[in-house]
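Note on naming: letters A, B, ... go to the chains in the order of the sequence lines (proteins, then strands), and numbering restarts at 1 for each one.
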Protein chains: 2
Amino acid sequence: MKTDKEQNVKELVERIGVAMEMGGLQPAVGRVLGCLMVSDPPYKTFDEIQGYLGISKSAVSNALNGLMSREIVDYMTLPGERKRYFQLVQTGMISQMKTKLARHSAMPELLRAVVQVRSNKYPEFNKNLLEICDFFSFMEKEMLASLDKWEKLKAKKS
Amino acid sequence: MKTDKEQNVKELVERIGVAMEMGGLQPAVGRVLGCLMVSDPPYKTFDEIQGYLGISKSAVSNALNGLMSREIVDYMTLPGERKRYFQLVQTGMISQMKTKLARHSAMPELLRAVVQVRSNKYPEFNKNLLEICDFFSFMEKEMLASLDKWEKLKAKKS
DNA sequence: TTTTTAGTTTTGTTGTTGCAGAACTAAAAG
DNA sequence: CTTTTAGTTCTGCAACAACAAAACTAAAAA
């Protein structure tokens, strides 16, 4: 039966939505993403998204605009048609990861400021703060290196 | 003048609070963390925290309990005293990073499920989905490796 | 026993989020 | 010029989050 598989797909979309929600996106945004992932063909119009998810136009509009501003989604048009076909930007998730990393980058600076403000009556504590600071710097550097590594790996393949 | 420096420290606490807030914690929680970072000595009682931040007891209580359940803060007691001295767990931020990483680990599985559900009419799209999937797996592996590297580096020093 | 201390739990208020529904708009079609 | 299409923006609401204030509790002190 067809409905059976479709049910499965909808549940999958729902699970993607929840996963995205935990990543800081709002529910409807996560579902739109999920919808575009399972969509066959891999693009959908505004109305199709709305119909598939059964949510309001405003929810779809806001979700799509948010996703487009983050460059996770973009759209194309077909010649002679006015409507837009929305689709995932394949590199979007990857650059998303980069921006997420960048958000941690304020910590080392703050921690250094903290240590500068502290007395040196508790050198052990200060040392540990600096170590945490080093840890964050270290991880940021490492992750950027990993991203580089990935990009080179991909470049070779293609 | 003393007040001048204290003002600076309070601003620093506030900035830490904001940084933590962006990391997904609630405002009061971020400030309690900031307070414990700049605290000299590096521990404070419930009342001291409340007094320093000028927030309610319930806010302090909830913040501390949340931080303790995440193992970012713990407390000690002094012999003969009932009150608890709250302090940062130095490894707390680091294990916090680990849990954050773990949250991404559902993605590869979901993406694989998506591809299995899709037709193969759009092999390019499917290939790209699998590539994103690989990317997340790759990054998770890399980060765990980095964490290992850090721990070994630290082990050597001490 | 009562009182104090060190918090916890409950209650209520305020502000914010996330969305639906309806009104609106701009461009194209008729 | 009117109508349709493809969305956007506005209005309003229900649910939830973050917190203050106050009531409560459990253990120790007096």
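- Here Arg84(A) reaches the OP1 or OP2 of dT8(D): one of its side-chain N or O atoms lies under 4.0 Å away.
- One can place CG of Leu78(B) at 12 Å from P of dA6(C), the figure rounded to the nearest angstrom.
- A cation-pi arrangement is not found for Lys83(B) relative to Tyr75(B), the charged atom failing to lie both closer than 6.0 Å to the ring centre and inside a 45° cone about the ring normal.
- The distance between atom CG of Leu64(A) and atom P of dA6(D), rounded to the nearest whole Å, is 15 Å.
- Where Thr45(B) and Arg82(A) meet DNA chain C, the nucleotide closest to each residue was compared, and Thr45(B) sits on the side nearer the 5' end.
- Nucleotide dA6(D) holds its P atom 5 Å from the NZ atom of Lys83(A), rounded to whole Å.
- Going from atom CG of Asp47(A) over to atom P of dG7(D) covers 7 Å, rounded to whole Å.
- Put simply, the side chain of Arg118(B) gets close to the backbone of Ser39(A): a donor and an acceptor are under 3.5 Å apart.
- The main-chain N or O of Leu101(B) is never found under 3.5 Å from a side-chain atom of Ser105(B) such that the two would form a donor-acceptor pair.
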Hey, what are the protein-to-nucleotides 17-20 of chain D N/O distances that come in under 3.5 Å?
| unit_1 | atom_1 | unit_2 | atom_2 | d |
| --- | --- | --- | --- | --- |
| dA18(D) | OP2 | Gln26(B) | NE2 | 3.1 |
| dC19(D) | OP1 | Ala28(B) | N | 3.1 |
| dA20(D) | OP2 | Ser56(B) | N | 2.9 |
| dA20(D) | OP2 | Ser56(B) | OG | 2.6 |
| dA20(D) | N7 | Ser58(B) | OG | 2.8 |

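- Remark: Glu151(A) engages Lys98(A) in a side-chain hydrogen bond (donor to acceptor under 3.5 Å, both in side chains) (not counting sequence neighbours).
- Counting to the nearest Å, the P atom of dT8(D) and the CG atom of Leu67(A) are 12 Å from each other.
- Between the CE atom in Met143(B) and the NZ atom in Lys100(B) there is a gap of 11.5 Å [rounded to 0.5 Å].
- Atom pair Tyr85(B):OH and dT5(C):P shows a separation of 14 Å (rounding to whole Å applied).
- Per the geometry, CD belonging to Glu81(B) stands 19 Å off P belonging to dA27(D), to the nearest Å.
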Which pairs of donor and acceptor atoms, one on a side chain in residues 22-38 of chain B, lie under 3.5 Å apart (sequence neighbours left out)?
| unit_1 | atom_1 | unit_2 | atom_2 | d |
| --- | --- | --- | --- | --- |
| Arg31(B) | NE | Glu14(B) | OE2 | 2.8 |
| Arg31(B) | NH2 | Glu14(B) | OE2 | 3.2 |

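- Residue Asn65(A) contributes atom CG, which lies 9 Å from atom C1' of dG7(D) at whole-angstrom precision.
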